[in-house]
Amino acid sequence: MNFADLSPTLARALAEHEYSEPTPVQAAVLAKASGGRDALVSAQTGSGKTVAYGLAMATDLLDANGAMRASTAPLALVIAPTRELAIQVERELRWLYQYAGARIVSCVGGMDPKVERRKLLDGVQIVVGTPGRLRDHIERRALDISCLAAVVLDEADEMLDLGFREDLEFILEATPKERRTLMFSATIPKGIAALARSYQRDALRIDVAGGERGHADIEYRAIRVAPRETEHAVVNLLRFVEAPAAIVFCNTREASRHLQATLQERGFSSVLLSGELSQHERNLSLQALRDGRARVCVATDVAARGLDLPNLDLVIHAELPHDAEALQHRSGRTGRAGRKGVSAILVPAIRRRRVDMMLRDLGVRAIWSGPPTAEEIRKLDRERMLRDPLLTDTPADEEIETARQLLGHHTAEQLGAALVRVWRARLPALEDVTDPGAEPAFREGREPREARDAPPRTFKPQRERSAGGAGVWFRLDIGRTRNADPKWLLPMLCRKGGVTKPDIGAIRIFDNETKFEISESVAGLFAKNMAKPGGENIRVERLGASADSQPVEKKPKKNKPKYIAKADRTPGQP
Ligand code: AMP
């Protein structure tokens, strides 16, 4: 099926958006699932899957003339893992369904639930949201799901990873049985297959991922860095690639805040995107990137999934992602919709083996090098200056007149030199960097002696957000080996323990266990709630009254904590 064969309201919106051809996932969905069947689709982000399900839903939403069917309650529900993704989906569906006259609302954590409630009660046809907030609206009867004809699960694997299974099951149980269910997921692990078996009927299986886990349009670069030169390497990389937009990933809020402040100071127009910002501030950051007011976004993994930013040609991993999947999702912010992109991983010697393994897991080859040097960038600057439209554009008459006057007073060389100074003045200064590649420790991927002897890197929990002074330590019988990650631990502890995020202080993740701090004032309640049966099969035990009395790990080397930090906030959590 071609776009021209679609309902006239959708075809018009697509044509105005200059989408002439369906992407492979759109073509596959239109060919197979436009007739109203359930579908389980594996497709990468960046493949055009939002428009794909937007079009697939049309059968359930539009009448013969392409207008929205009359209904007293919402007809379609799209569930996405993160707030940013949900808002992005809302924007995409808004233009796609503009001529059908659809009323669309997003319901996401961090935004005012009263405003959402009002819009829901005013009457909408399409609702997009994060699982926790949607469940909340259903439970409070603001969201009427009795007329739902279609439910879409976007990035379903990520929703399970983030611990949203219970919320998803609640929503799917509550919606009408005869609804249509479309599930989109980058991968189809067992959990997704099980969800599909329980909640889909006779579903079509569409696979456009083609089994390829890496992104063909992304060039991976592994950049050897000396431990103290990470920021310098980021500065030089941003200057070297000169992407219209770039994203720099850090692992914690503190690290990202610090790096963003440094880059801003150095003259890069930059914004921050992390869980410590309100949703409104996060939206403003994204808007600044979208309209070109900012060139660099420093982010934690809240930005790693699904986000689609125009002209984002460079991703820098200033700190290593936790695993190959996180590397893939962060990198997938670039190389979208046929555009080429670079994903640069900064690799201190001590991490070389891990990076090698992650790249192997992803099935991608990286080009290894040191960071771009100041000399290399200066050379590039000269070439870029020669091509600058400032010099190549046809000058206006008045400009030629002024140039002649200047030539009457100064030589051509003087004028040229002045132009060079002005041109360079607007560029952030370059850094002197070294390539530690020649060091034996790096070549062998061994830990250098000073790194072995150094205490583990410690990010202190934010003072204002620590667990209310003296916290009580708890232990969880899940660690690194079972993918413990604050991204899903934090919402799970809040939900099961009946506490809020500010009540949770430091989280320390070891190989086989995780220790975390709960504000003393709610520790009793938390312990009681966690002891209640049901939900996740996770054991929690109380350890002691303060961080100082927390038992010391017996195997410090191997079982070093992954975080000694206030973990970043989970994106989709209200
Ligand atoms: P998604 O996978 O939904 O995040 O989409 C990735 C990007 O592809 C977005 O910028 C879409 O707007 C763009 N896109 C989707 N469908 C098409 C199409 N048929 N032609 C051109 N661009 C598209």
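Just follow the structure's listing: the first ligand is 1, and inside any ligand the first atom is 1. Numbers for residues simply follow the sequence, beginning at 1.
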- Query: Out of Y19, W95, Y53, F184, whose heavy atom is nearest to atom 23 (C) of ligand 1?
  - Reply: Y19

- Query: Any chance the side chains of N283 and Q279 put a donor and an acceptor closer than 3.5 Å?
  - Reply: yes

- Message: Which option wins on minimum heavy-atom distance to atom 3 (O) of ligand 1: T50, L14, V25?
- Response: T50

- Task: Return the option from Q88, E18, H17, Q26 holding the heavy atom at the smallest distance from atom 15 (C) of ligand 1.
- Result: Q26

- Query: Considering distance alone, does some N or O of G48 sit under 3.5 Å from an N or O of ligand 1?
  - Reply: yes

- Message: Any heavy-atom pair between the side chains of L75 and I126 that's under 4.5 Å?
- Response: no

- Task: Verify the ring-centre separation between Y19 and F3: is it less than 6.0 angstrom?
- Result: no

- Mark up the atoms of ligand 1 that fall under 4.0 Å of a heavy atom belonging to F3, in ascending order. 19 (N)

- Could you tell me which residues satisfy side-chain hydrogen bond (donor to acceptor under 3.5 Å, both in side chains) with T230, sequence neighbours excluded, listed by chain and number? none

- Hey, which atoms in ligand 1 end up nearer than 4.0 Å to a heavy atom of T23? 16 (N), 17 (C), 18 (C), 19 (N)

- Message: Keeping S285 on the side-chain end and L272 on the backbone end, is there a donor-acceptor pair under 3.5 Å?
- Response: yes

- Task: For H258, enumerate each residue passing the ring-ring contact (aromatic ring centres under 6.0 Å, His included) test, keeping only those at least two apart in sequence or located in another chain.
- Result: none

- Examine E92 against ligand 1 and note whether any of their N/O atoms are separated by less than 3.5 Å. yes

- Message: Under 4.0 Å from a heavy atom of E21: which atoms of ligand 1 are those, numbered in the order shown and with their elements?
- Response: 18 (C), 19 (N), 20 (N)

